[in-house]
Amino acid sequence: MVKRTRIKDLLQSADFDKTVIVKGWVKTFRNNQFIAINDGSSIHNIQAVVDFNATEESLLKRVTTGAAVAIKGRLVESMGKGQRVEIKVDQLEILGDSDAEKFPLQPKKHSLEFLREIAHLRFRTNTFNAVFKVRHALAYAIHQFFNDRGFVYLHTPIITASDAEGAGEMFRVSTIDFDHIPRNADGGVNYKEDFFGKATNLTVSGQLEGELAAMAFGDVYTFGPTFRAENSNTTRHLAEFWMIEPEMAFYDLEDNMDLAEELLRYVIRYAIQNCPDELEFLKDRLLEEEKQKPQSERAELDLLAKLNFCLENDFERLTYTEAISILKNSKPNQKKQFKYLIDDWGADLQSEHERYLVEKHFKKPVILTNYPADIKAFYMRQNEPDELGRKTVRAMDILFPGIGEIIGGSQREERLGLLEQRMDDMDISKEELSWYLDTRRFGSAPHAGFGLGFERLVLFVTGMTNIRDVIPFPRTPKNAEF
RNA sequence: UCCUGAGUAGCUCAGCCGGUUAGAGCAUCUGACUGUUAAUCAGAGGGUCGCUGGUUCGAGCCCAGCCUCAGGAGCCA
């Protein structure tokens, strides 16, 4: 009895004249005799050669793009030029027909926009085969990285009652019947009637829970879905995305940056080593795409060169204050080419400024630290005011070319009094976050952590340009198909 | 949410100054060929021009509103 062999293994095999079985989907059927078959194990197809004189014509007619087939035959050296091995077909079976007039994927180029509309079928294209293989490799590498370093993988809740995280608009979770909303005496919604007896939402971050666990395990990380109900329509935002959030006791900001940089290098290296065919394909795809653009807008490095560059060069670390001074003296600022001109310390950096620093000035990933306290979250550790009395916090953002912010993190404020003061200033309820403050009440310790946007990482490594193309089923405003 | 652009055949697009029966390439189908590599050659079928309303003798084209998509901005990861 012959068992099915994966195409990936057959393509490397030299077991000529051996009888094999392949099962997969037809990519093209050329010349009435050459079937290109893909089974997902490799980005490459295997060619099966049919003797059309000895095969029922009605059967050959069913060999259409997208059809699932099972083929039994002999592995032989190919007589043609395009491939090393191929299969001489002895038996051809159609497992599942695919009406060529209706199947949307044709043996031709499709736009990414069109493929997004048929996300249930786009897995079958080379591009998405490669993208989601790389996505898998990156996810695996992340777990391996943390596991090797003794981190505990922590599952933080997806449904949360706290809305004080301040990370963005939240999706409400409720079983209330919208046609019969229970009301309070004052006319508001009576959430006591709701499933959890209080208002609940989908999480925007597992960080606060992560901190609780870090105060026991030392080093933990989360890796799960996160939800933001922002009406963001960009190539970098999703309403549902995956985030990695490590949290480490006894780490300061330097340790935090070191870990983040090490993590990024580790997973990029893992992808290069484990997805060579996929990255090669994606590199070529990107070169092809960039041909549409004027020379001046094309990337200086191809995809693989860019990834290797990240492995070989330290990220540029500088403070917000230093960044402001670079930007202030930059050409686009002096020539008033920025939409938002830099004149004073304290303003948040716009994406045009971040892009200038990363893509024009340093030409490498940049870590910005010590942002003004006013523009950052309440839990970030406060620095001593500088000589000018300016208040900063120990925040760090890692900025990548083409992506912008890929990581945001900080050393956390472990001093109870200062933390409470800041919550009061920012009007954040201490009662609601009393459980969080307990970490500072009982054995508080310096600690730090960061959040890595998984899809942004996949964007960077695959060279794709729209975040909707690196998650299988993107959720964005006005779109929750499939 | 704001700014800009787009929506015409299954896909990618063209369609002149508003004028008769709406075009191409690819895909599909039919036939030919048979060691092809997005095969090739010949032929055929395929359209609610995003939706609604308006202007006009006449609208794919002009105007208004809406919907959707894309790029950029904001927000962020």
Side-chain angles (χ1 to χ4, degrees), chain A residues 27-36 44-53 60-61 64-66 76-83 86 88 98-118 125-126 165-169 204-207 225-245 260 292-293 297 338-340 348-355 375-377 397-400 403-409 450-460 465-471 476-479 481:
Chain A
K27 297 291 271 238
T28 63
F29 184 31
R30 281 185 297 271
N31 222 0
N32 214 20
Q33 49 183 334
F34 303 105
I35 313 174
H44 302 296
N45 307 322
I46 198 157
Q47 174 163 289
V49 188
V50 182
D51 181 353
F52 57 88
N53 287 317
L60 288 177
K61 286 262 182 268
T64 53
T65 303
V76 296
E77 262 181 290
S78 178
M79 290 163 65
K81 289 228 172 75
Q83 55 283 316
E86 64 190 20
K88 276 271 180 230
S98 174
D99 185 340
E101 281 193 73
K102 291 182 184 141
F103 187 56
L105 292 172
Q106 303 155 356
K108 57 166 287 196
K109 259 211 165 36
H110 291 294
S111 67
L112 294 172
E113 289 84 358
F114 172 66
L115 292 171
R116 227 169 273 153
E117 291 172 21
I118 50 166
T125 64
N126 291 333
E165 289 148 24
E169 290 296 310
V204 293
S205 162
Q207 181 201 314
T226 310
F227 308 87
R228 306 268 167 99
E230 305 285 352
N231 192 5
S232 300
N233 295 285
T234 78
T235 53
R236 304 178 304 283
H237 290 85
L238 291 165
E240 176 182 297
F241 64 100
W242 289 64
M243 191 152 61
I244 296 101
E245 296 180 287
Q292 317 293 322
K293 295 201 262 179
E297 285 173 33
F338 282 144
K339 197 171 161 211
Y340 299 89
D348 208 349
L349 298 181
Q350 308 296 321
S351 49
E352 59 180 345
H353 306 132
E354 297 180 349
R355 271 215 311 277
I375 57 172
K376 287 292 182 182
D397 283 359
I398 302 187
L399 310 176
F400 263 32
I403 313 284
E405 188 180 342
I406 194 166
I407 279 180
F450 59 85
L452 164 63
F454 186 53
E455 283 76 18
R456 289 189 181 175
L457 174 67
V458 182
L459 262 189
F460 182 75
T465 47
N466 190 317
I467 202 162
R468 295 161 201 147
D469 296 328
V470 299
I471 188 166
T476 51
K478 302 269 181 280
N479 184 8
E481 283 301 307

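Residue numbers start from 1 in every chain, and the chains themselves are labelled A, B, ... in the order their sequence lines are given, proteins ahead of strands. All of these numbers come straight from a predicted model, not from anything done at the bench.
Distance check on atom P: B:C3 versus B:C66 gives 11 Å, rounded to whole Å. Nucleotides B:C11 and B:U4 place their P atoms 28 Å apart, quoted to the nearest Å. With P as the reference atom, B:A22 and B:G45 are 14 Å apart, rounded to whole Å. Comparing the C1' positions of B:U12 and B:U28 gives a spacing of 16 Å, expressed to the nearest Å. Taking atom C1' on both B:A70 and B:A44, the two are 35 Å apart, rounded to the nearest angstrom. Nucleotides B:C76 and B:C49 are separated by 40 Å at their C1' atoms, to the nearest Å. Across the P atoms, B:U52 and B:G60 are found 13 Å apart, a figure rounded to whole Å. Here the separation of B:A24 from B:A9, taken at their P atoms, is 14 Å to the nearest Å.
Contact check, A:R456 against B:C76: no side-chain N or O comes under 4.0 Å of OP1 or OP2. Between A:Q350 and the phosphate of B:A73, there is no side-chain N or O to OP1/OP2 separation shorter than 4.0 Å. Of the side-chain N and O atoms in A:T235, one or more sit less than 4.0 angstrom from OP1 or OP2 of B:G72. Proximity of A:R468 to the phosphate of B:G71: a side-chain N or O atom is located under 4.0 Å from OP1 or OP2. At B:U36, none of the side-chain N or O atoms of A:N31 fall inside 4.0 Å of OP1 or OP2 (strictly under the cut-off). Listed pair A:R30 / B:U36 fails the phosphate criterion, with no side-chain N or O lying under 4.0 Å from OP1 or OP2. Phosphate contact (OP1/OP2 of B:C76, side-chain N/O of A:T234, threshold under 4.0 Å): absent. A close approach under 4.0 Å does occur between a side-chain nitrogen or oxygen of A:R236 and OP1 or OP2 of B:A73.
Within the 4.0 angstrom heavy-atom criterion, base atoms lie near A:Q33. Nucleic acid contact class of A:M243 (heavy atoms, under 4.0 Å, all strands): sugar-phosphate only. Within the 4.0 angstrom heavy-atom criterion, base atoms lie near A:S232. In this structure, A:F52 reaches the bases: a heavy-atom distance under 4.0 Å links it to at least one base atom across the strands shown. As judged by a 4.0 angstrom heavy-atom cut-off over every strand, A:N233 is placed among the base-contacting residues. Across all strands shown, A:G451 has heavy atoms under 4.0 Å from sugar-phosphate atoms exclusively, and none from any base. A:R116 comes within 4.0 angstrom of sugar-phosphate atoms only, judged by non-hydrogen atoms across all strands, and of no base. Residue contacts shown for A:S78 include a base, since a base heavy atom lies under 4.0 Å away. Note on A:K376: nothing from the nucleic acid sits closer than 4.0 angstrom, heavy atoms only. Within the 4.0 angstrom heavy-atom criterion, no nucleotide atom of any strand lies near A:E352. Using a 4.0 Å heavy-atom criterion, one finds that A:E86 contacts the bases of the nucleic acid, with or without backbone contacts as well. Heavy atoms of A:I407 sit under 4.0 angstrom from primed sugar atoms or phosphate atoms, though from no base atom.
Applying the 3.5 Å distance criterion, the base of B:U36 shares a donor-acceptor pair with the side chain of A:Q83.
Residues A:Q350 and A:K339 form no side-chain contact, since every pair of their non-hydrogen atoms from C-beta on lies 4.5 Å or further apart.
Here the nucleotide nearest the side chain of A:H237, chosen from B:G74, B:G35, B:A38, is B:G74. Nearest to the side-chain atoms of A:K61 among the listed nucleotides B:G31, B:C75, B:A73 stands B:G31. Taking every side-chain heavy atom of A:K478 into account, B:C69 is the closest of B:C69, B:A77, B:U12. Comparing B:G35, B:U28, B:G74 against the side chain of A:Q47 picks out B:G35 as the nearest. Distance from the side chain of A:N32 is smallest for B:U34 among the nucleotides B:U34, B:G74, B:C11. Comparing B:G35, B:A39, B:U28 against the side chain of A:K88 picks out B:G35 as the nearest. Here the side chain of A:N466 is nearest to one of B:U37, B:A27, B:G71, namely B:G71.
Nucleotide B:A14: unpaired (no Watson-Crick or G-U wobble partner with both distances less than 3.5 Å). With a 3.5 Å ceiling on both atom-pair distances, B:A9 lacks any Watson-Crick or G-U wobble partner. Base pairing of B:A22: no nucleotide in any strand meets the Watson-Crick or G-U wobble criterion (both distances under 3.5 Å). Across all strands shown, B:C3 is found opposite B:G71 as a Watson-Crick or G-U wobble partner, with both distances under 3.5 Å. Shown here, B:A64 forms a base pair with B:U52; the pair counts as Watson-Crick or G-U wobble because both key distances fall under 3.5 Å. Across all strands shown, B:G47 has no partner, as no Watson-Crick or G-U wobble contact with both distances under 3.5 Å is found.
For the residue pair A:T234 and A:R236, no side-chain donor N or O sits within less than 3.5 Å of a side-chain acceptor on the partner. One side chain, A:E245 or A:S205, offers a donor N or O that lies under 3.5 Å from an acceptor on the other.
Nucleotide B:G7 holds its C1' atom 11 Å from the CD atom of A:E117, rounded to whole Å. The separation between A:E245 atom CD and B:C76 atom P is 15 Å, rounded to whole Å. Atom-to-atom, CZ of A:F400 to P of B:A77 comes out at 16 Å; the value is rounded to the nearest Å. Atom pair A:D469:CG and B:G71:C1' shows a separation of 14 Å (rounding to whole Å applied). What separates CG of A:N231 from P of B:U68 is a distance of 11 Å, to the nearest Å. Rounded to an integer number of Å, the gap from NE2 of A:H110 to P of B:C26 is 15 Å. Per the geometry, CG belonging to A:L349 stands 15 Å off C1' belonging to B:C75, to the nearest Å. Rounded to a whole Å, the CD1 atom of A:I375 is 13 Å from the P atom of B:G74.
Between the side chain of A:E240 and the backbone N or O of A:T226, no donor-acceptor pair lies under 3.5 Å. Judged purely by atom type and a 3.5 angstrom limit, A:H237 has no side-chain atom pairing as donor or acceptor with the backbone of A:I467.
Between A:E455 and A:W242 the shortest heavy-atom distance is OE1-N, 2.9 Å.
Taking CZ of A:F460 as the reference point, atom CD1 of A:I403 lies at 7.0 Å (rounded to 0.5 Å). A distance of 9.0 Å separates NE2 of A:H110 from OG1 of A:T125, quoted to the nearest 0.5 Å. Rounding to the nearest 0.5 angstrom, the gap separating the CG atom in A:N45 from the CD atom in A:Q83 is 10.0 Å.
Ion pairing between a basic and an acidic side chain is recognised when a charged N comes within 4.0 Å of a carboxylate O; A:K376 and A:D348 show no such pairing.
Here A:F34 does not pack flat against the base of B:G35, since the 5.5 angstrom centre distance and 30 degree tilt limits are not both met.
Both A:G82 and A:S111 lie close to RNA chain B; mapped to their nearest nucleotides by heavy-atom distance, the more 5′-ward contact belongs to A:S111.
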